[in-house]
Chemist: 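Please find one structure pasted underneath; my questions will follow.
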Amino acid sequence: MTERLTPGDPAPEFTLTTDTGDTLTLKDLRGRKVILYVYPAAMTPGCTKQACDFRDSLGSLQAAGYEVVGISPDTPAKLAKFRERDAVTFPLVSDQDKSVLTAYGAFGEKQLYGKTVTGVIRSTFVIDENGAIERALYNVKATGHVAKLRRDLGID
């Protein structure tokens with residue numbers, strides 16, 4: 001079983017390639033609150049719905065002091081197509097070897113249609129300004145998750 005993070009744990013550091021070909025590190029975001037959300041595959045229906053929900057909520061999330069970053073095992077080129085197709089306005093980062101996803105406990109065994117499979121676990125992490133996990137949410141739903149997160153963070 002993949003080790004899961006809990007509030008107070010240090011957020012695992014990362015240096016990953018973005019959808020624009022730049023590099024993003026967690027250290028680059030230090031001093032700001034970060035919502036790092038994990039999704040299995042760009043341009044699939046659920047992942048598109050979730051990305052668009054974050055995109056549509058970005059203004060209020062940023063006004064509350066949060067930066068949003070999406071992470072998946074997709075290639076930077078596929079992420080760029082996803083960003084362009086759906087007008088995603090926050091960074092998408094590529095973790096092709098799944099090492100960062102594994103460090104966050106977001107890659108491993110999960111249930112899919114009643115079967116146990118190994119894959120990306122749809123998750124969301126709220127990271128505080130000092131790089132500590134504030135919230136670690138695993139097995140979240142693609143639809144309705146952003147609205148629930150906004151309520152839980154007191155943004156609505």
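No hydrogens, no waters, no symmetry mates; every other heavy atom, side chains included, goes into these values. The first residue in the sequence is number 1, and the count goes up from there.
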Chemist: Quick one: are Ser94 and Asp74 in side-chain contact, heavy atoms under 4.5 Å?
Modeler: no
Chemist: So, does Asp86 use its side chain to make a donor-acceptor pair with the main chain of Val88 at under 3.5 Å?
Modeler: no
Chemist: May I have all residue pairs that pass salt bridge (Lys or Arg N to Asp or Glu O under 4.0 Å) and include part of residues 20-30, sequence neighbours excluded?
Modeler: Glu13-Arg30
Chemist: Rounded to the nearest 0.5 Å, what separation is found between the NZ atom of Lys33 and the CD atom of Glu129?
Modeler: 5.5 Å
Chemist: Quick one: does Leu24's side chain get under 4.5 Å of Pro91's, heavy atoms only?
Modeler: yes
Chemist: Could you go through Thr75 and Gln96, starting from their C-alpha distance and side-chain angles, then the distance that decides it, and tell me whether this counts as side-chain hydrogen bond (donor to acceptor under 3.5 Å, both in side chains)?
Modeler: CA-CA 7 Å; Thr75 65; Gln96 293 178 77; 5.6 Å; no
Chemist: For the residue pair Leu153 and Ile35, establish whether any side-chain heavy-atom pair is separated by less than 4.5 Å.
Modeler: yes
Chemist: What pair of heavy atoms forms the shortest contact from Ser72 to Leu79, and how long is it?
Modeler: OG-CD2, 3.6 Å
Chemist: If hydrophobic clusters are built by linking Ile, Leu, Val, Met, Phe, Trp and Tyr wherever their side-chain heavy atoms come under 4.5 Å apart, do Leu26 and Phe90 end up in the same one?
Modeler: no
Chemist: Got a second to check how far Thr124's OG1 is from Asn139's CG, nearest 0.5 Å?
Modeler: 11.0 Å
Chemist: Return each pair, listed once, that meets salt bridge (Lys or Arg N to Asp or Glu O under 4.0 Å) where at least one residue sits in residues 42-51; pairs must be two or more places apart or across chains.
Modeler: Lys49-Asp53
Chemist: What's the separation between atom CZ in Arg4 and atom CD1 in Ile133, rounded to the nearest 0.5 Å?
Modeler: 13.0 Å
Chemist: Answer yes if Leu58 and Val34 sit in the same cluster of Ile, Leu, Val, Met, Phe, Trp and Tyr residues linked by side chain heavy atoms under 4.5 Å apart, and no otherwise.
Modeler: no
Chemist: Within the 3.5 Å criterion, strictly below it, is a donor on Thr48 or Arg85 matched to an acceptor on the partner's side chain?
Modeler: yes
Chemist: As an exercise, state the distance from NZ of Lys81 to CG of Leu92, rounded to the nearest 0.5 Å.
Modeler: 14.5 Å
Chemist: For Ala106 versus Ser123, what's the shortest heavy-atom pair and its separation?
Modeler: CB-OG, 3.8 Å
Chemist: Mind checking the OG1-CD1 spacing from Thr18 to Ile71? Nearest 0.5 Å is all I need.
Modeler: 12.0 Å
Chemist: Check for me, please, whether Leu5 and Tyr66 land in the same ILVMFWY cluster - side-chain distances under 4.5 Å, paths through other members count.
Modeler: no
Chemist: Closest heavy-atom contact between Pro12 and Tyr104?
Modeler: O-OH, 2.7 Å
Chemist: Would you say the side chain of Leu101 lies within less than 4.5 Å of the side chain of Pro73, judging by non-hydrogen atoms?
Modeler: yes
Chemist: Do Arg135's NZ or CZ and the ring of Phe125 fall within the cation-pi criteria of under 6.0 Å and 45°?
Modeler: no
Chemist: Find the distance between CZ (Phe14) and CG (Asp95) and round it off to the nearest 0.5 Å.
Modeler: 9.5 Å
Chemist: Could you check if a side-chain atom of Thr17 sits within less than 4.5 angstrom of a side-chain atom of Val93, using non-hydrogen atoms only?
Modeler: no
Chemist: Between Asp19 and Ala80, what is the shortest heavy-atom contact and its length?
Modeler: O-CB, 3.3 Å
Chemist: Surrounding NZ of Lys110 (heavy atoms of other residues, nucleotides or ligands, distance under 6.0 Å), is the total greater than 12?
Modeler: yes
Chemist: Can a donor-acceptor pair be found, under 3.5 Å and without considering hydrogens, that links the side chain of Asp128 to the backbone of Glu134?
Modeler: no
Chemist: Does Val146 belong to the same Ile/Leu/Val/Met/Phe/Trp/Tyr cluster as Ile127, with side-chain heavy atoms less than 4.5 Å apart forming each link?
Modeler: no
Chemist: Applying side chain to side chain contact (heavy atoms under 4.5 Å, CB included), run through His145 and Leu137 and close with a yes or a no.
Modeler: CA-CA 10 Å; His145 171 63; Leu137 309 166; 4.0 Å; yes
Chemist: Test your reading of the model: is there a side-chain donor-acceptor pair from Arg83 to the backbone of Lys78, 3.5 Å cut-off?
Modeler: no
Chemist: Hey, are the side chains of Val38 and Arg122 touching, using non-hydrogen atoms and a 4.5 Å cut-off?
Modeler: no
Chemist: According to a hydrophobic-cluster definition based on side-chain heavy atoms being under 4.5 Å apart (Ile, Leu, Val, Met, Phe, Trp, Tyr only), do Tyr39 and Ile121 belong together?
Modeler: no
Chemist: Between Cys47 and Phe82, which heavy-atom pair has the shortest distance, and what is it?
Modeler: O-CZ, 3.8 Å
Chemist: With under 30° as parallel and over 60° as perpendicular, where do the rings of Tyr37 and Phe54 fit, or are they tilted in between?
Modeler: parallel
Chemist: With a 4.5 Å limit on heavy-atom distance, are the side chains of Thr118 and Phe107 in contact?
Modeler: yes
Chemist: Can you check whether Leu29 reaches Val69 side chain to side chain, under 4.5 Å on heavy atoms?
Modeler: yes
